[in-house]
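One structure is given below, encoded as structure tokens.
Since this is a predicted model, take the numbers as computed values, not measurements. First the proteins, then the strands, lettered A, B, ... as listed; each starts at 1.
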There are 2 protein chains.
Amino acid sequence: MTPPRRADAERNRGLLLEAAREQRDRRGAVPPLAELAACAGVGVGTAYRNFPSRGALVEALALEGLRELLTEGRAALATGEADSLDAFLTRAVRMLVADPSLAEVVSRPADASPPTLQAVGDLHGVLVDLLDRAQQAGRVRADLTAADVHHLVCGVQLAVRLAGSDAAAGDRFTAVLLAGLRA
Amino acid sequence: MTPPRRADAERNRGLLLEAAREQRDRRGAVPPLAELAACAGVGVGTAYRNFPSRGALVEALALEGLRELLTEGRAALATGEADSLDAFLTRAVRMLVADPSLAEVVSRPADASPPTLQAVGDLHGVLVDLLDRAQQAGRVRADLTAADVHHLVCGVQLAVRLAGSDAAAGDRFTAVLLAGLRA
DNA sequence: ACCTGAACACCGTTCAAGT
DNA sequence: ACCTGAACACCGTTCAAGT
């Protein structure tokens, strides 16, 4: 399946991801590619050998958060409680606000890499199940789809960001969303 | 106050705005500045003589929609009805979805031109009044500020856009927002 | 006072040359 | 097979020269 890579190529890929993660955490955004490549100690061409584009590299970083969100979604589903949807959506909004690149990928996964599309698809499946359970229990409006809830969460994430990513505002906006979903 | 401008400068300004409006309506976005200047039949330098930046030109276009929204807000306020906030927010979401540049300006007015800041400020004032009346009537949660509602509307606008600007989705999302605002 | 457009800055992407 | 970095494309912005 996966073709074997030369060890140095694999190492450079890791150096690029690590440099991107460090710069993102230190400065809030992944720097331009030339600068990023310099931080990683490689040439820009090496970045393009390991990733189809700069966006794909950022996306690979976001995938870590995406999988974490997926894990939380499955845990919420496993509780078996009808209102586990609320806890999951609250957590999702917080994670999307904390990581702009994760929000970007979750909002517009259209031209993402196969692993990302897989994870987004899995996440959607979890949301379908969580929503279905909440709707069966009569706790959420029946006219909403999982895609609706997905898009609304992305919307609330933007609202919180516009409010300066303030935690209290995030709590209020999430409360508005959850109340609005009620049947 | 306003220094007198030479007639040809004023005319070029109008040509640029008209070209930008036409391109936006025909192709969904204002083209790069070199192309826009060519459409208007002027040089790029002329664009910079009339606007501080390309963004400022786009913003000047959005200002038209902003003033329209302001007019509607005042009309909603003039009805004197406690639930005129709902009608206004519904209209606001539709207008923001229909015009990305308007949504951009309403979402992030920070570094906008004085006339735009004025209009955004006026709009905020109208929203304060509409919200206050709805809260006094016990129709909307008391813990929400006008800024909260402002940000939430921007968020719903994004959600609708992510749903492909579908009108039915817009209606559902607006319904979720309005229900969520209820006391 | 205003106009033009070549030149510059910035950043993502490609590709010829090298190991 | 992989690496490097100069070169290219694109687009916003500036400014010297012209009217």
Side-chain angles (χ1 to χ4, degrees), chain A residues 1-21 23-24 26-62 100-101 104-105 108 110-113 116, chain B residues 1-21 23-24 26-62 100-101 104-105 108 110-113 116:
Chain A
M1 290 279 120
T2 317
R5 288 166 167 276
R6 233 166 62 174
D8 54 350
E10 197 66 38
R11 182 169 165 277
N12 285 333
R13 188 189 146 91
L15 286 174
L16 280 161
L17 282 173
E18 189 183 322
R21 183 163 32 231
Q23 294 298 311
R24 179 199 58 185
R26 185 189 310 175
R27 318 200 314 204
V30 176
L33 202 45
E35 191 180 337
L36 180 66
C39 288
V42 303
V44 288
T46 300
Y48 281 92
R49 175 158 278 269
N50 286 284
F51 301 95
S53 71
R54 180 182 176 280
L57 196 164
V58 175
E59 184 203 301
L61 266 191
S101 63
E104 179 62 28
V105 157
R108 300 180 185 82
D111 49 345
S113 68
T116 297
Chain B
M1 292 277 120
T2 317
R5 287 167 167 276
R6 233 168 61 176
D8 54 350
E10 197 64 40
R11 181 168 165 278
N12 284 334
R13 190 189 144 91
L15 285 173
L16 280 161
L17 282 172
E18 189 183 323
R21 184 164 30 230
Q23 294 298 311
R24 179 199 59 185
R26 186 188 309 176
R27 317 202 314 204
V30 176
L33 202 45
E35 189 180 338
L36 180 65
C39 288
V42 302
V44 289
T46 300
Y48 280 91
R49 175 160 277 269
N50 285 285
F51 301 94
S53 70
R54 179 183 176 280
L57 196 164
V58 174
E59 184 203 303
L61 266 192
S101 63
E104 180 61 28
V105 157
R108 300 180 185 83
D111 49 345
S113 69
T116 297

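- In a base pair of the Watson-Crick type (N1 to N3 plus N6-O4 or O6-N4) or a G-U wobble (N1-O2 and O6-N3), with each distance short of 3.5 Å, C:dC8 is matched with D:dG12.
- Here the C1' atom of nucleotide C:dC3 and the CG atom of B:Leu16 are 12 Å apart, to the nearest Å.
- You'll find that the side chain of B:Ser53 is closest to D:dT13, out of C:dC2, C:dT4, D:dT13.
- When rounded to the nearest whole Å, the span between CZ of B:Arg13 and P of C:dC3 equals 12 Å.
- Summarising the geometry, the separation between CG on B:Leu57 and C1' on D:dT13 is reported as 14 Å, rounded to the nearest angstrom.
- Counting only heavy atoms from C-beta on, A:Leu33 has its side chain closest to C:dG12 among D:dC3, C:dG12, D:dG5.
- The side chain to side chain contact (heavy atoms under 4.5 Å, CB included) test with B:Thr46 is passed by exactly one of B:Asp8, B:Asn12, B:Leu15: B:Asn12.
- Taking each heavy atom of A:Val105 and A:Ala62 in turn, the nearest pair found is CG2-CB, 4.0 Å.
- Residue-level contact check: B:Arg6 touches the bases, meaning some heavy atom is under 4.0 Å from a base atom.
- Rounded to an integer number of Å, the gap from B:Phe51 CZ to D:dT14 C1' is 18 Å.
- A salt bridge does not link B:Arg54 to B:Glu59: none of the charged nitrogens lies less than 4.0 Å from a carboxylate oxygen.
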Evaluate side chain to side chain contact (heavy atoms under 4.5 Å, CB included) for A:Phe51 paired with A:Val58, printing each intermediate quantity in order. CA-CA 10 Å; A:Phe51 301 95; A:Val58 175; over 6 Å; no
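- Taking atom CG of residue B:Asn50 and atom P of nucleotide C:dA1, one finds them 15 Å apart after rounding to whole Å.
- When the C1' atom of C:dT13 is taken as reference, atom CZ of A:Arg54 falls 13 Å away, rounded to whole Å.
- In this structure C:dA1 sits in a base pair with D:dT19, meeting the Watson-Crick or G-U test at under 3.5 Å.
- Look at CZ on B:Arg49: it is 13 Å from C1' on D:dT19, rounded to the nearest Å.
- In this structure, of C:dT14, D:dC3, C:dC2, it is C:dT14 that holds the atom nearest to the side chain of A:Tyr48.
- The CZ atom of A:Arg26 sits 7.5 Å away from the SG atom of A:Cys39 when rounded to the nearest 0.5 Å.
- Spacing between atom CG of B:Leu15 and atom C1' of C:dT4 amounts to 15 Å, rounded to whole angstrom units.
- Each of A:Val44 and B:Pro32 has a nearest nucleotide on DNA chain D; the 5'-most of these lies closest to A:Val44.
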